[in-house]
Amino acid sequence: MSTSRTAPARTPAGAPAAAPSVSLTPILVRLKLSLLRNGLRQSSGRTAVYVASLVVSLLFAAGILAGLIALRNVGHAGALGVLVAGVLALGWAAMPLFYPSGDETLDPTRLVMLPLRPRPLITSLLLASLVGIGPVFTLALVVGSVIMLAHGAAATVVGVLAVVLVVLVCVALARAVATANVRLLTSRRGRDLAVLSGLFVAIGAQGVNIGAQKLFGSGAGLSALEPAAGIVRWVPPASAMDAVRAASEGSYGRAALGLALTAVALVLLLWWWQRTLTTVMTSPDSSTLQAVEKDSARKQRSSEGGLQRLLPDGRTGTVVLRMMRYAWRDPKSKMAWATALGVGLLVPVVSALQGGGSIYTAFSASALLGMQMYNQFGQDTSAFWMVASTISSPRDAYVELRARALGLALIGVPFVTVVVVGAAAFLGPWSAFADVYGMSLALLGAMVATGALASAQFPYSIPSEGNKNFAPGQGAIAWFSLFGGMLASAVFVAPMLGLLVWLHVAGLHGLLWVLLPVGAAYGVGVAVLGMRVAAPRVAARLPEILTAVSKG
């Protein structure tokens, strides 16, 4: 790839002709599509999962689009449209840091060795970023909001401009934030800081949840959104959406101001993006300078030695110790564990602060910790080949899965116990402690079972570098594995739920205590069953699993 160069006015006789100008945009778009296509070619199952995910996303976007259009003549719809644009911008700013798309073409560190100038590069990257499910989903929401608000020819013209500006601002914001933080997220200490940032995002999401409950719980309808919209409408790109409302009401000066604010924000974002891109592509980092990090093994040797003495000998103890080291040393594993523990504890606390919570919110601890069992082999990244070399039979695969489940249980069971006890103490009633605790253990066991099955059937790579949680072309597999496994866990835990409902309906409240031992035994049993079923699949699909998890 090369940047466009201006040809000289005259070429000396006999000299070679100047190279024709080449646009980067089609090259990056084709590269992006090629990465996606090559990722899907690895297996027909991966293609089916991606197509299913695409169809579901498009149907969901179409449903939201239809809902927004249905609110066209509803009062205070302008407040909803403004907040939709604001939430979209916030999501685009945060998602690249914690749930990136895995697009290698948008990682500027991959282009530092090429003779590319930042200004034409950001234009091509911006246009290439418009290819994908996320931009299409955003476009559907923005178009629906404009149709909801636009009344008259002038408002329609303003709405078309607003659609272009809002989508471009969202995409440029995501790319600028990702570029500004690429060095932070690829460094060891920076990725550790991202763990804390992830917790802040989780806490912020709970704050939004509380605010939404208070707004819509008042019974005031969309008018309850007006106070928040009154502030957000001055913040780009929500100001462009408010311009559509203003144009519909005949306030053309206010509409022009709203569009101007968003246009200025887009220019400033591109300027910031260009400066950070220049810094990334010209300044040295740990890959070009001799970087020496202090070895922390001596600091942890004594503590790990104590833990190792408590673990059983053989493969089981080795695997558990490896999981603990990943959770402490690997930034992405640390972020996943910290988020699960933080949010699992936060949900009951927030419910208690709201005053209307329930002890049943303690189920969040089991659900979030159970998710750590998913994509077990992908967490090993390319190092999984060393594990695969020790698996020669379904028995070896079962012992490996059982040891990983034991490592999860060593943290999960005590944590679930603390959360349930705390929820019973602060939310009550204590009479529900036995059934909630038993159901929580059953749910944890069910998620261990489905996690083992998902790890065998839908493995995907977690790149060790960058801020990506899956390799290009594997995003649909990751989401399908997670949400499909959660649905399967709900099916597995249905017998326990049926027993709980039957005891309540039959008035046998004195027998609810049996749910605790039954739930614990059921959780262990279903976990063992799931690992027994998954073990032969792991042994049979080792080459395919190794290829999938080593992709990044």
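As a basis for the values below, the full set of heavy atoms in this structure was taken, side chains included, without hydrogen atoms, waters or symmetry mates.
Once rounded to the nearest 0.5 Å, the distance linking CG of Leu368 with CG of Leu444 reads 11.0 Å. Atoms SG and CG, on Cys170 and Leu141 in that order, are 10.0 Å from each other to the nearest 0.5 Å. To the nearest 0.5 angstrom, Leu401 atom CG is 12.5 Å from Leu406 atom CG. The CZ atom of Phe377 lies 14.5 Å from the OG atom of Ser461; values are rounded to the nearest 0.5 Å. In this structure, the separation between CE on Met371 and OG1 on Thr450 is 10.5 Å, given to the nearest 0.5 Å. Atom CD1 of Ile133 sits about 11.5 Å away from atom OG1 of Thr138, to the nearest 0.5 Å.
Between Phe137 and Phe60, the ring planes are parallel. Angles under 30° get that label, and only those over 60° would be called perpendicular.
Scanning all heavy atoms of the two residues, the minimum distance from Val538 to Ala456 falls at CG2-CB, 3.5 Å. The heavy-atom pair separating Pro459 from Ile477 by the smallest distance is O-CG2, 4.1 Å. Closest approach of Asp396 and Thr390 over heavy atoms only: OD2-O, 3.6 Å. Nearest heavy atoms, Val413 versus Thr417: O-OG1, 2.7 Å. Residues Pro414 and Ile411 approach most closely at CD-O, 3.5 Å, considering heavy atoms. Contact record, Ala77 with Leu71: CB-O, 3.7 Å, taken as the closest heavy-atom pair.
In this structure, Ser455 contributes its side chain and Gln376 its backbone to a donor-acceptor pair below 3.5 Å. Panel note: side chain Asn375, backbone Tyr460; a donor-acceptor pair is recorded below 3.5 Å. At distances below 3.5 Å, at least one donor-acceptor pair connects side-chain atoms of Gln379 with backbone N or O atoms of Tyr374.
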**Request:** Assess whether side chain to side chain contact (heavy atoms under 4.5 Å, CB included) is satisfied between Leu341 and Leu369, documenting all intermediate values.
**Result:** CA-CA 7 Å; Leu341 295 172; Leu369 281 177; 3.7 Å; yes

**Message:** One pair to check against side chain to side chain contact (heavy atoms under 4.5 Å, CB included): Arg322 and Arg404. What are the steps and the verdict?
**Reply:** CA-CA 9 Å; Arg322 185 178 69 232; Arg404 292 173 183 251; 3.1 Å; yes

Scan the side chains in residues 517-529 for donor-acceptor partners under 3.5 Å anywhere in the protein, sequence neighbours excluded, and list what turns up.
unit_1: Tyr522; atom_1: OH; unit_2: Phe492; atom_2: O; d: 2.3

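Considering Val420, Leu441, Leu515 in turn, Val420 is the only one that fulfils the side-chain contact (heavy atoms from CB on, under 4.5 Å) rule with Val436. Test Leu80, Val82, Val87 against Val84 for side-chain contact (heavy atoms from CB on, under 4.5 Å) and you get one pass: Leu80.
The shortest distance between side-chain heavy atoms of Phe415 and Val419 falls below 4.5 Å. A 4.5 Å side-chain heavy-atom check between Asp435 and Tyr360 finds at least one atom pair inside the cut-off. Residues Leu512 and His504 form a side-chain contact, since some pair of their non-hydrogen atoms from C-beta on lies under 4.5 Å apart. Considering only heavy atoms from C-beta on, Val235 stays 4.5 Å or farther from Ile231 through its side chain. When side chains are defined from C-beta on, Trp513 counts as touching Leu511, because their heavy atoms get closer than 4.5 Å. Residues Val549 and Asp380 form no side-chain contact, since every pair of their non-hydrogen atoms from C-beta on lies 4.5 Å or further apart. Counting heavy atoms from C-beta on, the side chains of Leu508 and Trp502 come closer than 4.5 Å. Side-chain contact check for Val320 versus Met324: some heavy-atom pair is nearer than 4.5 Å.
Within 6.0 Å of atom CZ in Arg537, 12 or fewer heavy atoms from other residues, nucleotides or ligands are found, so the atom counts as exposed in its surroundings.
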